[in-house]
K.L.:
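I am attaching a structure below and will ask some questions about it afterwards.
Since this is a predicted model, take the numbers as computed values, not measurements. FYI, side chains are in, hydrogens and waters are out, and symmetry mates aren't considered; it's all heavy atoms of this structure.
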Amino acid sequence: QVQLVESGGGLVQPGGSLRLSCAASGSFFRINPMGWYRQAPGKQRELVATTTTSGSTNYAESVKGRFTISRDNAKNTVSLQMNNLEPEDTAVYYCYARAWENYYNNNDHWGQGTQVTVSS
């Protein structure tokens, strides 16, 4: 079993910054990749950013240059530094992790979600 706990959401003004963090715990062989998705009201969940243990990253076009994902492999944590936030970034942000039981079996896991609101 794997549990993902997010923190760092909140209310900020346009142009402000927030840093989200997620910690994975439980029983697993490896977590790879790990990252963040978000879901705005009335929209489907979309990828924000993911990263692998080797450091490869993948960002949504809408956040490139503003968001930075980082990971501590030893602690199985991932963070998302969000700068120059825009109202369009308002959403529930979910931590994502693919947990490997061994070299052959894996399952996707999601955090409970943390609210990010960008508004004046």
K.L.:
Counting N and O atoms only, with roles assigned by atom type, does the side chain of N32 sit under 3.5 Å from a partner on the main chain of T53, one being a donor and the other an acceptor?
P.N.:
yes

K.L.:
Distance check, rounded to the nearest 0.5 Å: T57 atom OG1 versus K64 atom NZ?
P.N.:
9.0 Å

K.L.:
For a quick test of reading the model, state the closest non-hydrogen atom pair linking L80 to A49 and the distance between them.
P.N.:
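Distance-wise, the nearest heavy atoms are CD1-CB, 4.2 Å.
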
K.L.:
Under 3.5 Å, which donor-acceptor pairs do the side chains of residues 113-120 form with other protein atoms, sequence neighbours left out?
P.N.:
| from | atom 1 | to | atom 2 | distance (Å) |
| --- | --- | --- | --- | --- |
| T114 | OG1 | G9 | N | 3.4 |
| Q115 | NE2 | A91 | O | 3.4 |
| Q115 | NE2 | T117 | OG1 | 3.3 |

K.L.:
Say you draw a straight line from CZ of R66 to CG of N83; how long is it, rounded to the nearest 0.5 Å?
P.N.:
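Reported to 0.5 Å precision, the distance equals 9.0 Å.
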
K.L.:
Does M34 share a hydrophobic cluster with F28, counting links as ILVMFWY side-chain heavy atoms below 4.5 Å and allowing steps through other members?
P.N.:
yes

K.L.:
Supply the atom-to-atom distance Q81 CD to S21 OG, rounded to the nearest 0.5 angstrom.
P.N.:
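Interatomic distance, Q81 CD to S21 OG, rounded to 0.5 Å: 9.0 Å.
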
K.L.:
The criterion is ring pair (Phe, Tyr, Trp, His ring centres under 6.0 Å); which residues satisfy it with W100, sequence neighbours excluded?
P.N.:
none

K.L.:
Any salt bridge (Lys or Arg N to Asp or Glu O under 4.0 Å) involving residues 26-44? Give me the pairs, sequence neighbours left out, ordered by first then second residue.
P.N.:
R38-E46, R38-D89

K.L.:
Is there a chain of hydrophobic side chains (I, L, V, M, F, W, Y, each step under 4.5 Å between heavy atoms) that links I69 to L85?
P.N.:
yes

K.L.:
Sequence neighbours left out, what passes ring pair (Phe, Tyr, Trp, His ring centres under 6.0 Å) with Y59? Give chain and number order.
P.N.:
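Not a single residue meets the ring pair (Phe, Tyr, Trp, His ring centres under 6.0 Å) criterion with Y59.
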
K.L.:
Hey, any chance V48 and I31 share a hydrophobic cluster, counting ILVMFWY side chains that come within less than 4.5 Å of each other, even indirectly?
P.N.:
yes

K.L.:
If you define the side chain from C-beta out and look only at heavy atoms, does anything of S79 sit under 4.5 Å from R19?
P.N.:
yes

K.L.:
Can you list the residues that meet the side-chain contact (heavy atoms from CB on, under 4.5 Å) rule with S54, with sequence neighbours excluded?
P.N.:
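Counting only residues at least two positions away or on another chain, S54 forms a side-chain contact (heavy atoms from CB on, under 4.5 Å) with T52, S56.
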
K.L.:
With a 4.5 Å cut-off on side-chain heavy atoms, are V78 and C95 touching?
P.N.:
yes

K.L.:
Taking side chain as C-beta onward, heavy atoms only, is E6 less than 4.5 Å from L20?
P.N.:
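Answer no - side chains too far apart.
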
K.L.:
State, to 0.1 Å, how close A99 and V2 come at their nearest heavy-atom pair, and which atoms those are.
P.N.:
CB-CG2, 3.7 Å

K.L.:
Just jot down the ring pair (Phe, Tyr, Trp, His ring centres under 6.0 Å) partners of Y96, sequence neighbours excluded, or say none.
P.N.:
Y37, W110

K.L.:
Does M82 form a side chain to side chain contact (heavy atoms under 4.5 Å, CB included) with F67? I'd like the steps, not just the answer.
P.N.:
CA-CA 5 Å; M82 304 185 293; F67 292 10; 3.5 Å; yes

K.L.:
State, to 0.1 Å, how close L4 and A24 come at their nearest heavy-atom pair, and which atoms those are.
P.N.:
CD2-CB, 3.5 Å

